[in-house]
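This report refers to the structure that appears directly beneath it.
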Number of protein chains: 2
Amino acid sequence: MPTILDVAVSAGVSKTTVSRYLNGQGPISEETAERIRATISRLQYSPNHFAQGMRTSRTKTIGIVIPDYANPFYPELIKGIEDYARKHGYVTQLSSTHADPASELESLREMVRRHIDGIVFCSYGRAKRDIDYLVEIADRMPVVVMDPLVRKEPLSYVVTAGRAATKEAVSYLVSIGRKRIGYIKGPSKRFATNDRFEGYKDGLVAQGLPYDKDLVVEADFSLRSGYAAAEAILRSGMPVDSVMTATDLMAIGAIKAFNHHRVAIPQRIAVVGFDDISLCRIIEPSLTTIAQPIAALGTAAARIIIDAIDSENMEKRQISMKGELIVRKSSNPDYRDEFPSDTGSFGIH
Amino acid sequence: MPTILDVAVSAGVSKTTVSRYLNGQGPISEETAERIRATISRLQYSPNHFAQGMRTSRTKTIGIVIPDYANPFYPELIKGIEDYARKHGYVTQLSSTHADPASELESLREMVRRHIDGIVFCSYGRAKRDIDYLVEIADRMPVVVMDPLVRKEPLSYVVTAGRAATKEAVSYLVSIGRKRIGYIKGPSKRFATNDRFEGYKDGLVAQGLPYDKDLVVEADFSLRSGYAAAEAILRSGMPVDSVMTATDLMAIGAIKAFNHHRVAIPQRIAVVGFDDISLCRIIEPSLTTIAQPIAALGTAAARIIIDAIDSENMEKRQISMKGELIVRKSSNPDYRDEFPSDTGSFGIH
DNA sequence: ATGAAAGCGCTAACAG
DNA sequence: CTGTTAGCGCTTTCAT
């Protein structure tokens, strides 16, 4: 591997000049630049990452911590981050924690040890030790949390306004004549769950509907739990004419339950999910849902980080983006699916 | 950030001794070791990654290049690699290329520049420049390709034996009385597609069935193309009693087409996919398919790499693992789905 | 069993 | 516009 010295000698200049050329610092005569350029390309020189890092402790790397590679939310988020990062000369470093708090902390520490320049942190939970650590490093390095886990903590975050979007979805259901709206929520200890649930209650208030806790069932995010929750709603005998859920996967469980029990969707019960995963277009009937602007969330996170690095301003920023209601067949019988839906295609493996 | 010198001074020893302690080199008195241990923990010292890398040019990092975060194959593969790697003190570095050859090459170069210790490379294609580069670096650093892209190249690979598994699936279909087996294949330029397709032909030969090219339709891996292919098979008027596909997503497209045209599955046409993505258990009827031993593939890849590093033996190894036929409702009407199927649960986002 | 000192490849004062 | 020099934090001879 050639070093900067090889290039310098070979081009008949000093290391400094080569370094300056590489980093676009200070003025270099066009002629010298050209000689250096040629030499670099002839020697296939590429700067040693460690030596560079050691001097600058910059790595042009943004770390991304996620709980779970398999959650379809993340690929798109990562892509949003990566696209923006790449445009600005950064690469990303990804780490999955399998939703394990110990592993979350370990991932963060490892990233810091590797001197990444900023962190995007995603988690299902809100482990105190994680947050403490994030707050600690956030003074030195830009950190963005993809959840309002930490409303009260001095951290930057980027989120979808789940509460507002859910509230709007309630008014949509009322506008199509639904009056008894059930809700399948996630585990109460999750902040985002409660945020969306608050939106449901806001919506009822805004529409002058009574809040009836018998119409609310708690599930655990799995398809199966959504199925069971839907059955519970049926068994309760409540005159429900629509069901909203905190996540699409639970909504799809509910659809499977209603299909199985021959409850007509949407004629008897309309279903509205949250997230807009690709399954929404595959399931029958296709699922009305609230789409998160995932790629935009990623872009915003990357922008916050890169802005902060460039400006050396560690001020915290909070961004909340609007969710978008996407009406499909599970709430509108006249909706015509693009059929078969295009859900992308993966290469063979 | 404390340095090794801080630790040394604070513990009343030299840098050398601390370094030796850290790397388990040479003999150190129990007493000294204890003092160093205490100091390190008190100072929260952690070795500087760059300085270490500069000296050793080892990073304890395995790079993974994949074409696409969204393909459900990869999360599981990555997990297989990571689990093995972590157990052996390695971390992984992931990079997605969006199936773009230029980006593949760039990712590889960037990883090499960062001195990762080994690479697992996944691609949908087989760009010559990528392969040339891989072959070039494979003499210095262990490389494993997750596809027999490169049968003839001097590279290690780990794959599922698609041909053998497909052949077996044909004999399974024959065993349940099917005689006219259609096949939906992927784009011909993809090696793995053809590999599976050869298995289909092998199977016909083994079962004494004629190969009829009118029963074979080429699609492009998308659900939609599978749908169209299934319709083409129906329109052809051929007396098909079963359809195999090169991938699950195309099989699911076919199921949607058959459902839509009220062709009874599996009574009139049985469907068999390949991959075993989670959708197989969500679609109705649930999809019989050939499962790849994904996590085992990942583990095998990581093992090859870490073995090679430890033994400094750059010999190439090829591993081919068996696929497993998983019978569900799309071929067996008596199969009882675990219902609702457990497809895992993702935390909210 | 421990230390002193050299040097990995790079960047950034400082000097001309 | 260009060069000299010091030093980032670590591991590794070579001494002791």
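Because the structure is a prediction, the values reported are computed rather than measured. Proteins come first, then strands; the chains are lettered A, B, ... in the order of their sequence lines, and each starts at number 1.
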Name the pairs: protein N/O against N/O of nucleotides 3-6 of chain D, kept only if under 3.5 Å.
from	atom 1	to	atom 2	distance (Å)
D/dG3	OP2	A/S14	N	2.9
D/dG3	OP2	A/S14	OG	3.3
D/dG3	OP2	A/T17	OG1	2.7
D/dG3	N7	A/R20	NH2	3.0
D/dG3	O6	A/R20	NH1	3.2
D/dG3	O6	A/R20	NH2	3.2
D/dT4	O4	A/T16	OG1	2.7

Scan for salt bridge (Lys or Arg N to Asp or Glu O under 4.0 Å) pairs involving [range], sequence neighbours excluded, and state none if there are none.
range	value
residues 92-106 of chain B	none
residues 42-64 of chain A	none
residues 5-14 of chain B	none

Inset, instruction - Before accepting this row, confirm whether a basic side-chain N of the pair B/K79/B/E76 lies closer than 4.0 Å to the acidic partner's carboxylate O. - result: no
Legend entry - Cation-pi, A/Y133 ring and A/R109 (6.0 angstrom, 45 degrees): yes
Inset, instruction - List for me each residue that meets side chain to side chain donor-acceptor pair (under 3.5 Å) alongside B/T3, sequence neighbours excluded, and say none if there are none. - result: none
Legend entry - Helical bend (five base pairs per end, nearest 10°) for the helix from C/dA1-D/dT16 to C/dG16-D/dC1: 30°
Legend entry - Side chain A/N71, main chain A/Y74, donor-acceptor under 3.5 Å: no
Euclidean distance, atom [atom1] of residue [X] to atom [atom2] of [N] [Å, nearest integer]:
X	N	atom1	atom2	value
A/I4	D/dC8	CD1	P	19 Å
B/N23	D/dT12	CG	P	7 Å
B/Y21	D/dC10	OH	P	15 Å
B/I28	D/dT12	CD1	P	14 Å
A/E31	D/dT2	CD	P	8 Å

Inset, instruction - Kindly say if B/S19 contacts the phosphate of D/dT11, meaning a side-chain N or O under 4.0 Å from OP1 or OP2. - result: yes
Could you list the residues that satisfy salt bridge (charged side-chain N to carboxylate O under 4.0 Å, His left out) with [X], not counting sequence neighbours?
X	result
A/R35	none
B/R317	B/D307
A/E82	A/R86

Inset, instruction - Start with the C-alpha distance between B/I319 and B/Y157, add both sets of side-chain angles, then the distance that settles side chain to side chain contact (heavy atoms under 4.5 Å, CB included), and finish with yes or no. - result: CA-CA 6 Å; B/I319 296 184; B/Y157 63 76; over 6 Å; no
In terms of side-chain heavy atoms, does [X] have a donor or acceptor partner in [Y] at a distance below 3.5 Å?
X	Y	value
A/T17	A/S14	yes
A/S95	A/S107	yes
A/S29	A/T32	yes

Inset, instruction - Go through DNA chain C in 5' to 3' direction and return only the first and the last nucleotide with some atom under 4.0 Å of chain B's heavy atoms. - result: C/dA1 to C/dG9
Legend entry - Evaluation steps, side chain to side chain contact (heavy atoms under 4.5 Å, CB included), between A/L22 and A/Y45: CA-CA 11 Å; A/L22 288 167; A/Y45 166 77; 3.8 Å; yes
Inset, instruction - Go through residues 45-53 of chain B and report each residue with a non-hydrogen atom lying under 4.0 Å from DNA chain D, sorted by number. - result: B/Y45, B/P47, B/N48, B/A51, B/Q52
Inset, instruction - Identify, residue by residue, the members of residues 32-44 of chain A with a heavy atom below 4.0 Å from DNA chain D, and return them in order of residue number, or none. - result: A/T32
Legend entry - Value rounded to 0.5 Å, distance of CD in A/Q44 from OG1 in A/T39: 13.5 Å
